[in-house]
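A short worksheet on the structure shown next.
One-based numbering, in listed order, for ligands and for the atoms of each. Positions are given from 1, in the same order as the sequence printed here.
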Amino acid sequence: MLQFDVTHALPFLPANWLSSRLDGLTEARRLLEDGSGLGGEFTGWVDLPRSYDREEVQRVLQTARIIRRQSQALVVIGIGGSYLGARALLELLTSPNYNLLCGTSPQVFFTGNNLSSDALTELLDYLRDKDFSVNVVSKSGTTTEPAIAFLLFRQLLEEKYGREGARDRIFATTDREEGTLRALANQEGYATFSIPRDIGGRYSVLTPAGLLPLAVAGVDIRGILDGARSAMTALRRPGQENPAWQYAAARNALYAQGKNIELLAGYEPHLRAFGEWWKQLFGESEGKDGQGVFPASVEFTTDLHSMGQYIQEGARDLFETVVRFTVPQSSCLLDPHPEDPSGLGYLRGRDLRFVNEQARRGTALAHAAGGVPNLLLTAGERTPFWAGQLVYFFQYACGLSGYLSGVNPFNQPGVEAYKANMFALLGKPGWEARRQALLAGQTPKG
Ligand code: PA5
């Protein structure tokens, strides 16, 4: 099981940081278990690693085999929770350079997560002479960014393969019954996968939203689900030994001490996209009602040479959560020549892994001494099983943490504000009054 270590945060925490929150955590756990809290209709993810639809996962694997056979590339169209989880685990379990290293497996491109014509045109041009398939992912089926990207990539597929041929290359992941994408998929006869009604986007990586792209890349998705199930079994047990309880309590206590910003830090570039997924998970779940820890992410040691100064000596409202793996996947032995002028002779015989670990230890000590509490989460290997544990750990801790701070961890009302203004400015039917208000220089509420 994952190990959570609070040692380098203890000097910043009151002695009762955990004990004083046990009642709150007990209640938060009850709300997650029986779905009776705010947003309780979106707690389907709590039991998902046990109750997931085995047949659908089987179909995900079969479809992945088809895509792998017929395509040099898979285009995953989705935004927010409809792509971040897949991308996070793809980069964690393969490489941030997956598309260069994937060999005979299809390249995987994530698009539909912005409105940049340059970015979309670039990818459309690249794929023009490639065989590719599309997995369009949208729970609501109405989100503008993926809808526009789907329009463009569907047109390209139809140009290349005809309407019939395109149909065999389009896979839609959406609500089982509702939404524009579901209606379109039914009408066109696309193969579809479901995001369960009771699972919101940022908690959906263990549904086909995350699993299909991962399976196409050859990632062992059953291993991920096994890891999540093992974490679920451990973390749903109540008590102060529970690492998710400790994490939720520690960040809640640090926030109460004025530590408003949490940096998720890793010492592997493979964790970079995971940081993006984690930011959405915590940011959208907790950032509401005028409160919430602001989630940021850093990649060490890279960012020690850009953000390190601020972290060490800037405003003292930060804390850091480091994710670490203990078992390396590769060895890189250092063997400088005795007369090597590089000055690295003292590292002879050392593995780079050792150097990285000393950087981590030294940084934790320096940051804690500089006023930045350090939390540490340790996993074993960078494998599907451990990745599944990490996903479940953060989701469960986030649910606990949201309830502990009294917010609904499963809605995102604030996301609508920009959409409303964008629709009004674009002249979308139904948004005329808001358009008038904006053009008159008024600030519409909501
Ligand atoms: O967490 C969420 O619910 C959001 O980030 C959504 O995933 C995101 O807005 C995309 O929504 P949809 O899948 O409906 O297109």
Side-chain angles (χ1 to χ4, degrees), residues 38-46 48 75-89 110-115 120 134-154 170-185 190 192-214 273-288 292 295 297 391-392 394-399 401-402 407-423 428:
L38 291 168
E41 65 276 26
F42 293 109
T43 47
W45 57 272
V46 174
L48 186 71
V75 178
V76 181
I77 297 177
I79 195 165
S82 289
Y83 93 103
L84 284 165
R87 182 170 206 158
L89 295 192
F110 294 94
T111 188
N113 52 61
N114 57 55
L115 291 168
L120 278 163
V134 163
N135 178 205
V136 53
V137 187
S138 177
K139 187 176 178 207
S140 64
T142 54
T143 310
T144 310
E145 290 88 339
I148 288 176
F150 184 46
L151 174 78
L152 296 168
F153 282 93
R154 184 180 157 204
I170 295 176
F171 304 88
T173 307
T174 186
D175 184 85
R176 202 177 292 279
E177 285 156 20
E178 286 178 3
T180 316
L181 180 57
R182 168 56 65 183
L184 179 67
Y190 301 146
T192 60
F193 295 92
S194 303
I195 305 176
R197 185 69 56 87
D198 56 2
I199 299 181
R202 60 191 175 275
Y203 293 84
S204 73
V205 55
L206 302 178
T207 75
L211 298 180
L212 180 58
L214 290 165
F274 192 85
E276 299 301 314
W277 170 81
W278 172 90
K279 283 193 288 197
Q280 186 205 1
L281 179 66
F282 278 88
E284 266 191 1
S285 299
E286 293 190 327
K288 53 195 70 160
S297 61
V391 162
Y392 196 87
F394 281 119
Q395 289 187 347
Y396 195 76
C398 187
S401 182
V407 299
N408 176 350
F410 306 116
N411 67 359
Q412 54 282 329
V415 179
E416 298 310 313
Y418 99 89
K419 289 186 195 168
N421 285 349
M422 177 177 75
F423 292 151
K428 186 173 177 173

Enumerated ligand 1 atoms positioned under 4.0 Å from heavy atoms of Ser140: 12 (P), 14 (O), 15 (O)
Counting non-hydrogen protein atoms only, what is the nearest one to atom 12 (P) of ligand 1? Give residue, atom name and distance. Thr143 OG1, 3.3 Å
Just to confirm my output: which protein heavy-atom neighbour is closest to atom 6 (C) of ligand 1, and how far is it? Gly81 N, 3.9 Å
Check: Ser297 and Phe274 side chains under 4.5 Å, non-hydrogen atoms: no
Distance flag for atom 9 (O) of ligand 1, protein heavy atom under 4.0 Å: no
Which of the atoms of ligand 1 are close to Gln412, meaning less than 4.0 Å from one of its heavy atoms? 3 (O)
Would you call the rings of Tyr83 and Phe110 parallel, tilted or perpendicular, taking 30° and 60° as the class edges? tilted
Is the distance between the ring centroids of Phe282 and Trp278 under 6.0 Å? yes
Residue that, paired with Phe150, satisfies side-chain contact (heavy atoms from CB on, under 4.5 Å) out of Val137, Ile77, Val75: Ile77
Side chain or backbone, does Gly200 bring an N or O within less than 3.5 Å of an N or O on ligand 1? no
Within the structure provided, determine whether Phe153 and Thr111 are in side-chain contact (heavy-atom separation under 4.5 Å). yes
Classify the ring geometry between Trp45 and Phe410 as parallel (under 30°), tilted (30 to 60°) or perpendicular (over 60°). tilted
List every atom of ligand 1 that sits less than 4.0 Å from any heavy atom of Gly201, numbering the atoms from 1 in the order shown and giving each element. 1 (O), 2 (C), 3 (O), 7 (O)
Using distance alone, decide if ligand 1 has a nitrogen or oxygen within less than 3.5 Å of any nitrogen or oxygen in Arg202. yes
Using a 4.0 Å cut-off to any heavy atom of Gln280, which atoms of ligand 1 qualify? 1 (O), 2 (C), 4 (C), 5 (O)
Please say whether more than 12 non-hydrogen atoms of neighbouring residues, nucleotides or ligands are located less than 6.0 Å from CZ in Arg197. yes
With side chains defined as the heavy atoms from C-beta onward, is the minimum distance between Thr174 and Arg182 less than 4.5 Å? yes
Atom indices of ligand 1, in the order listed, that fall short of 4.0 Å to a heavy atom of Ile79: 7 (O), 8 (C), 10 (C)
Using a strict 4.0 Å cut-off to heavy atoms of Glu284, name the atoms of ligand 1 that fall inside it. 1 (O), 2 (C), 4 (C), 5 (O)
Please list the nearest protein heavy atom to atom 13 (O) of ligand 1 with its residue and the distance rounded to 0.1 Å. Ser82 OG, 2.6 Å
